[in-house]
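Data block below; observations after.
Note that this is a predicted model, so its numbers are computed, not measured.
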Amino acid sequence: MNEQYYEAQTDSSPFHKQRFQVGDRVETCSHCLGTVIRIECDEMGLFIIVRLDILQEEFAYDPYDLEIIQ
C-alpha cells in the first residue's frame, strides 16, 4: 500500500477525523499503548499494525479501535 496515512472518523463527532501515520503513538480499545508501525490493506479493508509497549509484538487493529495520543 502506498498511502502513508489513513483517516478514520471517530465516535465523538462525525466531522472530526483522525489521521494515522507511521510512528504515531496510539491507545487501543483495551487501553494498551503502542506505536503505529505500518498501515496495510487486504480484501477486508484497511487495518493498522501496532507494536504494543508491554509485549513488543505486532497486532492488527481496525482504525476505529485506536485513538491517537499526544
Side-chain angles (χ1 to χ4, degrees):
M1 181 167 137
N2 293 332
E3 292 182 44
Q4 291 184 338
Y5 64 88
Y6 173 73
E7 292 181 2
Q9 290 193 9
T10 63
D11 294 333
S12 61
S13 167
F15 303 106
H16 180 260
K17 293 186 177 191
Q18 287 189 327
R19 179 175 290 173
F20 293 96
Q21 297 182 24
V22 173
D24 281 346
R25 297 287 296 154
V26 294
E27 182 176 356
T28 69
C29 56
S30 57
H31 304 292
C32 294
L33 300 177
T35 304
V36 174
I37 58 169
R38 67 182 181 274
I39 300 167
E40 297 286 335
C41 182
D42 66 5
E43 63 277 353
M44 299 295 288
L46 290 168
F47 54 96
I48 312 298
I49 307 297
V50 175
R51 178 173 288 139
L52 298 179
D53 294 346
I54 59 172
L55 298 176
Q56 291 298 310
E57 293 185 28
E58 299 173 5
F59 294 91
Y61 287 94
D62 187 310
Y64 299 103
D65 292 335
L66 297 173
E67 181 177 331
I68 296 174
I69 57 175
Q70 305 299 336

May I ask whether [X] and [Y] are part of the same hydrophobic cluster, defined by side-chain heavy atoms of I, L, V, M, F, W, Y residues being less than 4.5 angstrom apart, directly or through others?
| X | Y | result |
| --- | --- | --- |
| I54 | I49 | no |
| I68 | L66 | yes |
| L55 | V50 | yes |

Rounded distance (nearest 0.5 Å) linking atom [atom1] of [X] with atom [atom2] of [Y]:
| X | Y | atom1 | atom2 | result |
| --- | --- | --- | --- | --- |
| F59 | S30 | CZ | OG | 9.5 Å |
| I39 | F20 | CD1 | CZ | 8.5 Å |
| I48 | R38 | CD1 | CZ | 11.0 Å |

Under the rule for side-chain contact (heavy atoms from CB on, under 4.5 Å), what residues qualify as partners of R51, not counting sequence neighbours?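 Counting only residues at least two positions away or on another chain, R51 forms a side-chain contact (heavy atoms from CB on, under 4.5 Å) with I37, Q56, E58.
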Quick one: does T28's side chain get under 4.5 Å of L52's, heavy atoms only? yes
Exercise: identify the closest heavy-atom pair between D65 and Y61: CB-CD2, 4.4 Å
Within residues 25-36 or reaching into it, pairs that qualify as salt bridge (Lys or Arg N to Asp or Glu O under 4.0 Å) - sequence neighbours excluded: R25-D53
